[in-house]
Each structure stands twice: as structure tokens, then as C-alpha cells.
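One structure is given below, encoded as C-alpha cells.
Order of listing sets the numbers, starting from 1, for every ligand and every atom in it. Values below: all heavy atoms of this structure, side chains included; hydrogens, waters and symmetry mates excluded. Predicted model only: the values in this text are computed from it and were never measured.
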Amino acid sequence: ATLSVKAQDHKESNYDEAKVPAYTLPAMLKTQSGKLVTNKAQWEQSRRPEILRLFEDNIYGQVPKDYDSIRYSLSNEDKNAMNGKAHLKEVLIEVFRQNKSVKINLVLFIPNHVQKPAPAFLLINNRAKDQTDPTRTVKSDFWPAEEGIAAGYTMAAFHNADLAPDDPKLFMNGVLQLYPEQLAADNGMRAIGAWAWGASRVMDYFQNEALVDKDKVAIVGQSRGGKASLWTAAQDQRFALCVSNCSGSTGAKLARREFGERIRRINTSFPHWFNTNYKKFNDKESLLPVDQHMLIGLVAPRPVYATNATEDLWADPKGTFLALKHAEPVYSLYSLKTGLGAEAPVPNTAVIQSPLGYHNRIGVHNMTGFDWANFFRFAVYHFKQKP
Ligand code: GTR
């Protein structure tokens, strides 16, 4: 039988631990000019901005912060949604720059039974639009809004296509119309950057939403959305917690292990996700001035929860756990000790009481009720809520 491109590629990818090359990760706590970073002031003032710039220039592109105006309008509201358990708001967020605009449709369920403002989970939805159905005709495990409400969280979501359609020929038909100079630049924003930019505009809205606790907003994404959730939390420090579910290559897994999906592959299948400079590292992982443990380090001291699935070797569970481990030195600068052991926990066991959390779910590449139940536990612990 003929293998599809994807299947053929999986076949050619390395899944053999013995074939992982010897590698040296770029040092987290040493500046490019060779100075050792030994405290959080040095980290925040010199090394953190340097690493952020390296990720912008070489991978995700810049994230423009300027726009002319932003407008919020309520397009639908139901104070007794979910049989009276939740307050539904559908908010249209419109952002203007140089006579162009982009529209973000935010779905927001706020729990009625808890004190307001309520902590929130914001999902970057990279699946079909109906996965976050405001009418609840479609209920999906990918976004278990009823369970979130029962656990006391605001469940918020927007669709990535509002910012950049997930298509190499169409991705520029969104935020990038507001920033054509980004499209022209080798270190400019592309689709994943555009999705993260959208999450930040939702965060702008939360600054004015009295029912949502803007200081307790978790950003969540799965796979390509999980790459975007990490990039969101790395460069927008208003997000209090980050969940990166099965994010794999150029998400939470180390590139230098060259295990599962590699840089050449992701740049070929999805040329619109990362900037032009990233293509220089096709087959040349060892030349990158960063690796993905440093992206997690940028989120510190805020908590990060990463997941994998046992049958999703393409996303390299071991390489994901190791990226978390190698981010620990930054948390140490804040006197935070993580609860990660030397080895990944056994499948279906979660590390929760730790600034760096992790589980490897038994199953395939997906985001499920099991994953979410652990995100809620992780947030209860870090937001110090009464369960
Ligand atoms: C895969 C891709 C991964 C991941 C995934 C997804 O095909 O190779 O990097 O992003 O798609 O988003 O589900």
C-alpha cells in the first residue's frame, strides 16, 4: 500500500531512544556575552529579554503591541445558561490599525455559584468552531465547559482562524493585514504568533470584565494551539498560568533530541506557522541559539503544565518532560522547588503540587476530560482556591 506523506514521514522519523544524538543545550543562565546569571534581577533585566528576543527572531516572530483602538461589544448574553449554572457572554472584540480591523469572537461562560471575579481558562481553539459551541448543542471533551463551570472556573475560548486561518495560502487574511510589515520581515509574525496576539487581545478585554479575575487567567492550547499557548504566556506576563497539551515540536519538546517531528518536517508541513528565519534550522537543530526549555523558562515564576499521550511519540513525551526539567534553574532563582522527579511520572499520574506540572496520558494525540481534570486540579493548587 502507498503511504500518505504523513505516514511515510512518521516512518522515517526517529522513535529509537538509542538514536537520539548527544547534544548540549544552550545554557539558560548565561548571557550571550558570557555572564553568569545568579539572581532574579539579572534574569529579569538581562537574560530574560535576551531569550525572548531570540525566540522572536528565530522562531515565532515579533508580537506587535501597537494598535489604534479596540472595541468590545456584547453580541449575545444569557445569565441562565447551562440550566442556570453559568452566565454566557459572547463578546465581539474588534481591533483597529491603519483603517483595517480584525474581529475576535469570544465565548465566555462564567460560573454563577462562585464569588466574582472568577478565575478563568482561556482556550485557543484550533479545532472545528463547534468544539466551543455557545449553545451547548455540541458538547466536546476537547472543551468540557460544564465541568469547568462545576469546578468554579470561567471557561473562555476563541477560534484561531479569527486571527490567522490555519492554511499556508490564507494565514495572512487576519491580523497580518493590520501589520503588513510583519509579513515582509524574516523575523515577523506568522500564524502561531497571530494566535498568541489574539489571546493577548482577549486579555486586554479581561482588564475590563468585572466578572473575570484578570490576575488568575490560564491560557490553554492543544498541539499547534499548545505551541501558541506557550508563546502567549512567554511574552505576555499578564497570563498567570500556562497549559501546553501535547504540543510537541516547537512547543514543549526539546528540538535537539531530534525525536519524532523535527524542524525540517514542521517547516515543510506548516510553512506558515513560524517565521522565515526558522527555516535556516531545517536539519540543523544544534545551531539554534535556544531550545524549548528556555521558552518554558520565560514563563517562570508562573506555573506551567505540560502533557503528552503515550501513543503520541511524534510529540516526544520524554523530550517534553526533559524540557520542563531543564527549565527548573529559572524557578530556582525565585526559590521555587518543583515536584518533578528525575524521571517522568508513570503514565496517567499527574504532578500537580509543583510550579512545573506534567502528565503522560494513556492514549493518543488529543485533549480529553482526563487532561482537563488535571488542569483544574493544577489551577486549584496554584490559585489557592477551595476545591
Ligand atoms: C501535527 C503536527 C504537530 C501538531 C499537530 C496538531 O500534524 O505535526 O506539530 O501541531 O499536528 O496540531 O494536532
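Under 4.0 angstrom from ligand 1, the non-hydrogen atoms of Glu261 all belong to its side chain. Contacts of Thr250 with ligand 1, taken as heavy-atom pairs under 4.0 Å, are absent altogether.
Judged purely by atom type and a 3.5 angstrom limit, Asp291 has no side-chain atom pairing as donor or acceptor with the backbone of Leu254.
Here the two rings, on Tyr60 and Tyr278, have centers that are 6.0 Å apart or farther. In summary, the aromatic rings of Tyr67 and Phe96 are positioned with their centroids too far apart to meet the 6.0 Å limit.
Separating the CG atom in Leu333 from the CZ atom in Arg47 is a distance of 12.0 Å, to the nearest 0.5 Å. With rounding to the nearest 0.5 angstrom, the CZ atom of Arg262 is 12.0 Å from the OG1 atom of Thr250.
Listed by atom number, the atoms of ligand 1 under 4.0 Å from Phe270 heavy atoms are 2 (C), 7 (O), 8 (O). Interface atoms of ligand 1 facing Ile266, defined by a heavy-atom separation under 4.0 Å, are 9 (O). Proximity to His365 (heavy-atom distance under 4.0 Å) selects the following atoms of ligand 1: 5 (C), 6 (C), 13 (O).
When each of Phe239, Phe109, Phe376 is checked for a ring-ring contact (aromatic ring centres under 6.0 Å, His included) with Phe121, only Phe376 meets the rule.
Checked for salt-bridge contact, Lys318 and Glu17 meet the test: a charged N lies under 4.0 Å from a carboxylate O.
Polar contact check, Lys227 against ligand 1: a nitrogen or oxygen pair lies under 3.5 Å apart. When only interatomic distances are considered, the shortest N/O to N/O separation between Trp273 and ligand 1 does not fall below 3.5 Å. For ligand 1, the polar-atom distance check against Gln222 finds no nitrogen or oxygen pair separated by under 3.5 Å.
Ligand 1 lies nowhere less than 4.0 angstrom from a heavy atom belonging to Arg265.
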